[in-house]
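Here it is: the structure, laid out below.
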Amino acid sequence: MPVTSVMDEQSPFATFRADVEDYLRSAGLGSFTSLLEIPPSATYGHLALPLFSVTLPSSLPVVPQESLIAGVRIAGHYLNFTAKTPELALMSYRRALERGGRYACLPQERGRVIVEHTSANPLHPMHVGHARNAFLGDSIARLKAARGNKVETHFYVDDMGLQVMIAALGFERAPPMPPGEKPDHWVGFVYAVSNIMYELAQLDHMINEEPEKYSELVSRRDNLMGYAQALREKHQREFDLLSSALRGLDKDAWEKELGQTLRGMEGGDDRFKKRVEAVVKLALEGFRQTLDEAGVSFDSWDFESAMANPEELKALLAAASASPFAVTYKGTLALNCDAVAKLPNVTAELGNLGLKEIPPMVLIRSDGTSLYETRDIIYSMKKLQLADEVYNVVGAEQTLAQLQVKLALFAIGHPKASHLHHVAYEEVRLPGRKMAGRYGSYVTLDELIQTAVTMASQEIRKRNPEIDRESLEKSARSIGIGAVKYSLLSVSAQKAVEFNVTRALDFDQNSAPFMQYAAVRAKSVLRTAEERGICIPSDPRTNQLLHPLEEELVLLCSRLPDVASYAADSLHVESLASHLMTIADRFNSYYASVPIIGAPDAELRGARLALCKLVEISLESGLSLMGIQVPSEMRRKLPKNAGHESSE
RNA sequence: GGACCCGUAGCCCAGCCAGGACAGGGCGGCGGCCCUCUAAGCCGCAGAUCCGGAGUUCAAAUCUCCGCGGGUCCGCCA
């Protein structure tokens, strides 16, 4: 990918670091620049060189006047460098004013990037697990864009699976959607009822065939009936109509009809396509509403059925057969992934993989129809055609499958195989409540957002009972949704999380509302200053900023673009979350310990206001990279003995 | 049987990629703070065998190996 790096696209802190590196070179220590680290406490300095393996020259050179280094001193086993924080503050402040909402990241790249994410099956509403995917993918897309890339987001619609066919069959027999029902919730209901009926038909068949397993089968049957009962409580009339319509189908009838639909889809038969489309369209309509509410948008919706195109399939199979890795496995064409993984260029990129036994990848069924993974290869090639780098945000349980797709591309000699990336995330569990989409048992993202927004409204109204409806809704949305996003984004994607609604919606410290609150406070100070006719100087006397928290805030903000860039490049969104948290935390402490508008003199006041502005821009632009908005106001809680609590 | 991810105070999480100065936060607990720009806040106290062991190193939460515990994957399913 072409990467252009210009001086002015460095972070302010990186400019300081560059000066330190120059200094080290002038001292003959140029080979140690990579050892530079940020000291655990600013009392040591702002960059440090551990000296354990370094022999210092007998005398250190004088620091050049124009550099950003304020001082160099040896402390224990470290050579500590202090930055000229006033200059760093000024640089950061000016950069922040100039770049505004784009301050937090460095646009040093010029690639075309595709982020494929969410890609929930059009069978039921999105739940918390999909939310983690959606927010992670959305944030990665925002980060990649902030890095200067041209980003497209894609949603892969699985309209080819057996489960979708089950939903489609049920849908044909289902009564009309009740008024007021959300389309994807309705699809989820129809699908779950149909699937339960299908499984019951299978069970009935097995009970006849294998009477010795009678008690086990009956208990599975009872279990299904439990789910059915819960569904019936949701829509009694519709449940009764649909279940009786499906009751006539025995196992064989189900399978006959499902098989027909599958083959029809594969062959591109319009009759069957329309049948499936009807359900899928409805589900996607619901997804769009949910995603819209959550502030997640897509540039493209890609249908899996379009990947079963016979010509592309033929071309792929031809390329695969011609590959030296083509093997016959269980009588059909497959690729020897294990051997591909041992190719020197593949090992070079993927490391040793650890996976010593990668199973062969079957490309085609004996009856000539395509497989999910085959279609995924075709889809990957399409994506690679449109972009320089492709990121697939897909659950960690699919690591092997994702790897196989990539190895298949290597096997057929695809030139961009190494540009396909799997962004893995671990699952989200719910405490005490197992989610089962197949049986209609889940906590939907819609419910979660609804709860979060309602809780946020309550908090707002507690503080500001007179607020008008429109502002209330707007603030509640950014606070509630922000809280949900932060709770999922602040934890490393590699960690499985047990989703705790109470915890996610804890609006106290270590939450989105905490950071939003800090940003809003900064805004409020700036607004108050403006109302009192105090303007922030364009040339603030930042050399007045001597308070330790002021220095710390300057350092943190000056480093933000580096942190965000790291988050973008390494895909570790949580490192950005954590840095922003620190800024918010330090600012809150600062706010409590130092008067800004009430500063003893005008110069100091101007400098503090400038710092306030820098913090505000840092927080707001940083949060926007996670898709979190800052509301325009968040009232403080009234003192116990003031206000009119009686209206509550 | 093989492989991948995770394991840090009662609970949740950061730090691990690029090993370095007393392991940072938060929740919960205890005690304080609205005369000052928003108390969704601030200050203080208590709380840690960094899962265990070995190795590499001047130096290991961080790298390597062996274990233990939890999650996941290994279909002509999607």
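The model shown is predicted, which means the values in this text are computed figures rather than measured ones. Labels below follow one simple rule: chain letters A, B, ... track the order of the sequence lines, proteins then strands, and each chain is numbered from 1.
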Does R521(A) place a side-chain N or O at less than 4.0 Å from the phosphate oxygens OP1/OP2 of A39(B)?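 Yes, such a contact exists.
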OP1, OP2 of C42(B) versus side-chain N and O of Q509(A): anything below 4.0 Å?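 Checking C42(B) against Q509(A), a side-chain N or O does come within under 4.0 Å of OP1 or OP2.
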Please name the nucleotide paired to C27(B) by Watson-Crick or G-U wobble geometry with both distances under 3.5 Å, or report none.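 G10(B) - that is the nucleotide pairing with C27(B), both distances being under 3.5 Å.
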In residues 586-604 of chain A, which ones come under 4.0 Å of RNA chain B, going by heavy atoms?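 When residues 586-604 of chain A is checked for heavy atoms under 4.0 Å from RNA chain B, the hits, listed by number, are N588(A), S589(A), Y591(A), A592(A), V594(A), P595(A), I596(A), I597(A).
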Per the under-4.0 Å heavy-atom filter, residues of residues 564-577 of chain A near RNA chain B come out as Y566(A)
Taking N and O atoms by type only, does the side chain of D508(A) place a donor or acceptor under 3.5 Å from a partner on the base of A39(B)? no
Using a cut-off of 4.0 Å on non-hydrogen atoms, how would the nucleic acid contact of F514(A) be classed: base, sugar-phosphate, or nothing?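 Result for F514(A) = sugar-phosphate.
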Over all strands shown, is S492(A) touching base, sugar-phosphate only, or nothing at heavy-atom distances under 4.0 angstrom?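 Sugar-phosphate only.
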Sorted by chain and residue number, the side-chain hydrogen bond (donor to acceptor under 3.5 Å, both in side chains) partners of Y379(A) (sequence neighbours excluded) come out as D302(A)
Each nucleotide in nucleotides 72-78 of chain B should get exactly one letter: B, S or -. Can you fill that in based on protein heavy atoms under 4.0 Å? SSS-BSB
Side chain proximity check, N80(A) to L47(A), heavy atoms < 4.5 angstrom: no
When we call it a touch if two heavy atoms are under 4.0 Å apart, what does L35(A) touch: a base, just sugar-phosphate, or nothing? nothing
Whichever of T528(A) and S41(A) has the more 5' nearest nucleotide on RNA chain B, that residue is S41(A)
Any strand counts, and the cut-off is 3.5 Å on both contacts for Watson-Crick or G-U wobble. Which nucleotide pairs with U57(B)? none
Just call it for L526(A): base, sugar-phosphate, or nothing, with non-hydrogen atoms closer than 4.0 Å on any strand.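 Here L526(A) touches no strand at all.
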With P as the reference atom in both, quote the distance from G26(B) to U64(B) in angstrom, rounded to an integer.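 Rounded to whole Å, the distance is 32 Å.
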Sugar-phosphate only, base, or nothing, as touched by V520(A) at under 4.0 Å among non-hydrogen atoms: base
Does the side chain of Y590(A) reach to within under 4.5 Å of the side chain of E552(A), using non-hydrogen atoms?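 No, their side chains stay 4.5 Å or more apart.
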For the P atoms, the ones on U49(B) and on C6(B), what distance do you get once it is rounded to whole angstrom?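 Roughly 23 Å separates the two P atoms.
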Pairing partner (Watson-Crick or G-U wobble, both distances under 3.5 angstrom) of U72(B):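 With both distances under 3.5 Å, U72(B) matches A3(B).
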Across every strand shown, the nucleotide meeting Watson-Crick or G-U wobble geometry with U49(B) (both distances under 3.5 Å) is none
Just checking D376(A): base, sugar-phosphate only, or nothing, at a heavy-atom cut-off of under 4.0 Å?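 Touches nothing.
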Would a line drawn from the ring center of Y442(A) to the ring center of H124(A) be shorter than 6.0 Å? yes
Same-atom distance (P) from C16(B) to G24(B), integer angstrom: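 Here C16(B) and G24(B) have their P atoms 15 Å from each other.
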For G41(B), which nucleotide is its Watson-Crick or G-U wobble mate, given both distances must be under 3.5 Å?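 Check on G41(B): paired to C33(B), both distances under 3.5 Å.
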List every contact pair, protein side and nucleotides 8-12 of chain B side both N or O, where the distance is under 3.5 Å.
| unit_1 | atom_1 | unit_2 | atom_2 | d |
| --- | --- | --- | --- | --- |
| C11(B) | O2' | R503(A) | NH2 | 3.2 |

Hey, is E266(A) close enough to R263(A) for a salt bridge, meaning N to O under 4.0 Å? no
Is R17(A) close to L36(A) at the side-chain level, that is, under 4.5 Å between some pair of heavy atoms?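 Contact flag for L36(A)/R17(A) side chains = yes.
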Sequence neighbours excluded, which residues qualify as side chain to side chain contact (heavy atoms under 4.5 Å, CB included) partners of Q494(A)?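 Q494(A) satisfies side chain to side chain contact (heavy atoms under 4.5 Å, CB included) with S492(A) only.
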Reckon A424(A) touches a base, only the sugar-phosphate, or nothing at all at heavy-atom distances under 4.0 Å?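 The answer is nothing, as A424(A) stays clear of every strand by at least 4.0 Å.
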When the P atoms of G25(B) and C42(B) are compared, how many Å lie between them, rounded to an integer?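 Looking at atom P only, C42(B) and G25(B) are 12 Å apart.
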Now, which nucleotide makes the Watson-Crick or G-U wobble pair with A21(B), with each of the two distances under 3.5 Å?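 A21(B) is unpaired by these criteria.
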Does CD belonging to E530(A) count more than 12 external heavy atoms closer than 6.0 Å? no
When you measure only distances, ignoring hydrogens and angles, does the side chain of R636(A) come within 3.5 Å of the base of A40(B) through a donor and an acceptor? no
